[in-house]
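Written below as structure tokens is the structure these notes are about.
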Amino acid sequence: MKVTFTDKAIEKLEHEPEGFLKLHYDIEDCGCVVNGVTQLIREDEQGSYNMELESNFRSVRIQKQYAVFFDNELKIDYLPKHQCFMLKSDNEILNPRMRYISKG
């Protein structure tokens with residue numbers, strides 16, 4: 001799997017501290033695992049995010065059991081108007097207003 005950051009996304013994240021960037025597939029209160037919502041999280045620890053994605057910016061990790069919900073090629077963009085990120089692929093928009101959380 002591969003994730004490409006747009007220039008806007010890189011510009012927004014390049015001054016963030018080093019650490020692990022994770023695509024967190026949040027299923028809490030979603031009713032079913034297929035209804036999860038993706039968030040972009042930066043943490044100091046790898047944790048249970050055991051699958052590394054190829055990237056043009058920084059290493060990105062996901063939890064292997066949720067890989068089935070992502071396309072093989074993903075793109076992360078930044079939307080300055082809404083001050084959030086967007087996760088998309090050629091086939092779909094996975095999260096039009098993806099939240100970014102910096103922990104640690």
Side-chain angles (χ1 to χ4, degrees):
M1 292 178 69
K2 179 180 181 179
V3 62
T4 302
F5 289 83
T6 65
D7 291 341
K8 288 182 198 173
I10 291 172
E11 188 177 307
K12 182 66 179 173
L13 292 170
E14 68 186 347
H15 300 292
E16 288 289 313
E18 290 292 323
F20 292 94
L21 282 178
K22 304 171 182 181
L23 285 176
H24 174 69
Y25 190 74
D26 186 7
I27 58 172
E28 189 171 322
D29 296 329
C30 290
C32 179
V33 72
V34 297
N35 295 329
V37 177
T38 308
Q39 300 172 347
L40 182 62
I41 297 175
R42 190 214 60 84
E43 289 185 302
D44 294 333
E45 302 293 326
Q46 176 181 326
S48 62
Y49 294 78
N50 51 6
M51 185 173 176
E52 186 172 0
L53 309 182
E54 182 182 334
S55 172
N56 67 327
F57 176 53
R58 287 188 187 169
S59 173
V60 177
R61 295 183 165 274
I62 62 172
Q63 291 173 301
K64 197 173 197 171
Q65 69 264 34
Y66 298 123
V68 67
F69 299 113
F70 298 104
D71 285 342
N72 282 329
E73 294 196 23
L74 301 168
K75 185 177 283 186
I76 295 177
D77 197 5
Y78 182 71
L79 309 172
K81 178 180 178 182
H82 302 292
Q83 297 182 359
C84 64
F85 292 88
M86 177 187 287
L87 179 65
K88 57 188 175 179
S89 71
D90 288 342
N91 298 320
E92 63 185 329
I93 295 176
L94 295 151
N95 191 340
R97 296 214 176 145
M98 184 169 63
R99 190 171 161 203
Y100 172 72
I101 302 167
S102 183
K103 297 180 179 180

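As the structure is a computational prediction, the values presented were derived from the model and not from experiment.
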Using the test ring pair (Phe, Tyr, Trp, His ring centres under 6.0 Å), find all partners of Phe20 that sit at least two apart in sequence or belong to another chain. none

Any salt bridge (Lys or Arg N to Asp or Glu O under 4.0 Å) involving residues 36-45? Give me the pairs, sequence neighbours left out, ordered by first then second residue. Lys22-Glu43, Arg42-Asp44, Glu43-Lys103

In the hydrophobic clustering (ILVMFWY, side-chain contacts below 4.5 Å, transitive), which residues join Ile101, or is it alone? Ile41

Identify the heavy atoms of Leu23 and Met98 that sit nearest to each other, and give their distance. CD2-SD, 4.0 Å

Residues Cys84 and Pro96: closest non-hydrogen pair is SG-O, 4.3 Å

Spell out, yes or no, whether Val68 and Leu87 are grouped together once hydrophobic residues are joined by side-chain heavy atoms under 4.5 Å, including indirect joins. yes

Between CG of Leu79 and CZ of Phe85, what distance do you get to the nearest 0.5 Å? 9.0 Å

With sequence neighbours left out, which residue pairs that include part of residues 50-68 fulfil the salt bridge (Lys or Arg N to Asp or Glu O under 4.0 Å) condition? Glu18-Arg58, Glu52-Arg61

Whether Tyr25 and Phe69 hold their rings parallel, tilted or perpendicular, with breakpoints at 30° and 60°: parallel

Looking at OG of Ser89 and NZ of Lys2, how far apart are the two atoms once the value is rounded to the nearest 0.5 Å? 14.0 Å

Distance-only donor-acceptor check, side chains Tyr100 and Glu16, under 3.5 Å: yes

Around Glu14, counting heavy atoms of other residues, nucleotides and ligands shown, do more than 12 lie under 6.0 Å from its CD? yes

For Asp71, which residues count as a salt bridge (Lys or Arg N to Asp or Glu O under 4.0 Å) partner, sequence neighbours excluded? none

Pairing residues for Tyr78 by the side-chain hydrogen bond (donor to acceptor under 3.5 Å, both in side chains) criterion, not counting sequence neighbours: none

Taking side-chain hydrogen bond (donor to acceptor under 3.5 Å, both in side chains) as the definition, give me every residue that meets it alongside Gln63, ordered by chain and number, with sequence neighbours left out. Ser48

List the steps and the verdict of side chain to side chain contact (heavy atoms under 4.5 Å, CB included) for Thr4 and Ile76. CA-CA 6 Å; Thr4 302; Ile76 295 177; over 6 Å; no

Trace of the side chain to side chain contact (heavy atoms under 4.5 Å, CB included) decision for Ile10 with Asn56: CA-CA 9 Å; Ile10 291 172; Asn56 67 327; 4.1 Å; yes

Salt bridge (Lys or Arg N to Asp or Glu O under 4.0 Å) contacts touching residues 92-101 (sequence neighbours left out): none

How long is the gap from CG on Leu21 to CG on Leu13, to the nearest 0.5 Å? 6.5 Å

Non-neighbouring partners of Thr6 that pass side chain to side chain contact (heavy atoms under 4.5 Å, CB included), sequence neighbours left out: Lys8, Ala9, Lys75, Asp77

Do Val3 and Phe70 belong to the same hydrophobic cluster, where Ile, Leu, Val, Met, Phe, Trp and Tyr are linked whenever their side-chain heavy atoms lie under 4.5 Å apart, directly or via other members? yes

Could you give all pairs that pass the ring pair (Phe, Tyr, Trp, His ring centres under 6.0 Å) test and reach residues 40-62, with sequence neighbours left out? Phe5-Phe57

Look up atom CG in Leu74 and atom CE in Met1, then write down how far apart they are to the nearest 0.5 Å. 5.0 Å

Between CG on residue Asn95 and CG on residue Leu40, distance to nearest 0.5 Å: 10.5 Å

Hey, does Asn50 have a side-chain heavy atom less than 4.5 Å from the side chain of Ile62? no

